Amino acid sequence: MKDDKKHLSVSAIQNGTVIDHIPAQNLFKVISILGLDNISNQITFGSNFGSAKMGKKAIVKIADKYFERDEINRIAIVAPNAKLNIIKDYEVVEKMVVEVPDSIKGIVRCMNPKCITNVEGIDTRFDVVDKADVTLKCCYCEKITDSDHMDFV
Amino acid sequence: MTNRSLVSINDLSTDELVQVLDLAERFEQNPAQRVLDGKIVATLFFEPSTRTRLSFESAVNRLGGRVIGFSEASSSSVSKGESLKDTILTVANYSDLIVMRHPIEGSARWAAEVSPVPIVNAGDGANQHPTQTMLDLYSIRKTQGTLNNQKIVMVGDLKYGRTVHSLLLAMSRFNASFVFISPKELQMPVEFKLFLQEKGLKYEEHTELAENIKDADIVYMTRVQRERFSDPMEYERVKNAYVLRRHMLEGTKANMRVLHPLPRVNEIHVDVDDSPKAYYFQQAKNGVYARMAIMTTILGLTDKVK
Ligand SMILES: [Zn+2]
């Protein structure tokens, strides 16, 4: 019963994608990484829902939009436990989980101010050295950027 | 390794590393070999480092190659605001290999990505300086007869010292054990200690110098710089505690050798210089052979070496 009420607080969509289990504090990062702030689709979101597993969580529903695997894995660095429901005609036709990739291009800034990527403004590239904690190693300066110090391009 | 850049010591497999050392040995036995005849090497020093530049230029000259380049950024187009990429793409037109030193971390990897000719990193800020590591390895192997199972004592600034970090990573491939001797403020960073733990390699940490070098095979000295201390009083307290003196060498192993990346300030007292255990000037000489071997290998000219 409790769950049903929560679902009502974000309206259902006919066709599109629902992204659930986003850490509430990273909702706007997810929106920005997926470029949802620059598309004309109808988007509804809710935040600060209670979740037994992860504290406060957020949900985003994007009407008439489906994502490629590579595209969706980009949010893994800010929402490693996110779950996607693909909706067609109000029904969930497919479920997806995000996978933390082995390497990341762009998205994140290197936290080392003396890194060439910050000095000459070139695209960042990282190897993911710890998938559980999402710890990144810069391919240029070889310094670690951890999830507590992540700043987005 | 042919036509590949050398940015970090980790770019080389252990086999490749040993092959370069073997080649360096051949150059030491027979240094006058015009293997680089007709080749042009550019030495781009965006920050000055006279020693490293002279060592590279000596290596190119011994090999019969030609050198072009600059020794500081202010005398180059960089001071007019040219991007690193543009400088590299331009100089690549004039040379077969680019040796670069740059104050920005990661600059060498970036240069290697954009350059049509191979890049040899001669230091990118606090990040990597692989040819220094190669000459350190060469010096260890030459003085100890092997790279395996060495006890390496590292002294001084172990927190910021890029040289000791690279050497640690390289020697970890050869079952080394380590002793870290430094003031509390300049201890070896946790990530390197974790790395050794994961590899099952032994290390000890101490703050006292004299009593902890007795069973060392190599004592690797580094400079303790005033500007590394947040508290100037702390520097005054420790500055003389990490100076190696002749009398401290009594009772050390006969095969033990003292290394230092140079330039030294006062951390090795001049009374050590005459000791047969002082090896830092020969170490600098070995740098030329190591660099000859690296450039020859990268340019795919090893077949020409006698
Ligand atoms: Zn970086």
Side-chain angles (χ1 to χ4, degrees), chain A residues 26 29 32-33 35 68 70-71 73-78 80 99-153, chain B residues 5-12 44 46-47 73 77-89 100-115 119 121 123-130 133 159-163 165-166 168-170 189-195 198:
Chain A
N26 288 343
K29 288 172 189 160
S32 145
I33 289 169
E68 297 293 328
D70 290 357
E71 219 178 344
N73 282 347
R74 288 161 60 89
I75 69 168
I77 45 173
V78 292
E99 289 159 16
V100 180
D102 295 328
S103 63
I104 287 171
K105 270 188 144 178
I107 308 174
V108 180
R109 253 185 251 287
C110 177
M111 70 172 279
N112 174 11
K114 285 184 272 182
C115 177
I116 186 79
T117 59
N118 290 314
V119 177
E120 291 220 348
I122 61 175
D123 289 343
T124 56
R125 218 152 45 76
F126 298 92
D127 289 329
V128 180
V129 290
D130 186 332
K131 290 196 178 187
D133 290 339
V134 195
T135 306
L136 310 178
K137 185 179 184 186
C138 177
C139 293
Y140 294 97
C141 73
E142 306 186 24
K143 296 285 182 297
I144 297 291
T145 295
D146 58 25
S147 48
D148 295 340
H149 296 91
M150 234 168 247
D151 193 10
F152 296 85
V153 176
Chain B
S5 292
L6 177 61
V7 173
S8 159
I9 196 75
N10 293 328
D11 295 350
L12 298 182
L44 308 188
F46 296 87
E47 67 176 1
S77 53
V78 181
S79 60
K80 300 188 188 83
E82 186 178 58
S83 73
L84 175 60
K85 181 181 175 181
D86 287 9
T87 307
I88 294 294
L89 288 178
M100 69 174 267
R101 187 186 185 96
H102 197 289
I104 304 299
E105 294 163 31
S107 54
R109 182 72 65 196
W110 171 238
E113 281 180 14
V114 300
S115 176
I119 301 282
N121 182 8
D124 60 330
N127 188 28
Q128 300 290 331
H129 189 7
T133 309
K159 185 175 181 185
Y160 299 101
R162 134 188 101 179
T163 315
H165 299 160
S166 303
L168 179 151
L169 294 178
V190 177
E191 55 187 287
F192 292 101
K193 292 187 259 183
L194 285 175
F195 171 80
E198 277 168 22

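In this text, all values refer to a predicted model and were calculated from it rather than measured experimentally.
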Legend entry - Segment of A/Cys110 engaging chain B (4.5 angstrom heavy-atom cut-off):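 Neither part; nothing is under 4.5 Å.
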Legend entry - Which portion of B/Glu191 sits near chain A, non-hydrogen atoms under 4.5 angstrom: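 Contact with chain A involves no heavy atom of B/Glu191 at all.
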Inset, instruction - Considering non-hydrogen atoms only, spot the tightest contact between A/Tyr140 and B/Asn127 and give its length. - result: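 Taking A/Tyr140 first and B/Asn127 second, the nearest heavy atoms are O-ND2, 3.5 Å.
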[atom1]/[X]: more than 12 non-hydrogen atoms of other groups inside 6.0 Å:
| X | atom1 | answer |
| --- | --- | --- |
| A/Lys143 | NZ | yes |
| A/Lys29 | NZ | yes |
| A/Lys131 | NZ | yes |

Legend entry - B/Lys85 with A/Glu120: basic N within carboxylate O range, under 4.0 Å: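 A salt bridge is absent here (no side-chain N lies under 4.0 Å from a carboxylate O).
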Inset, instruction - Rounded to the nearest 0.5 Å, what's the gap from CD on B/Glu113 to CD1 on A/Ile122? Could you check? - result: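 Going from the CD atom of B/Glu113 to the CD1 atom of A/Ile122 covers 7.0 Å.
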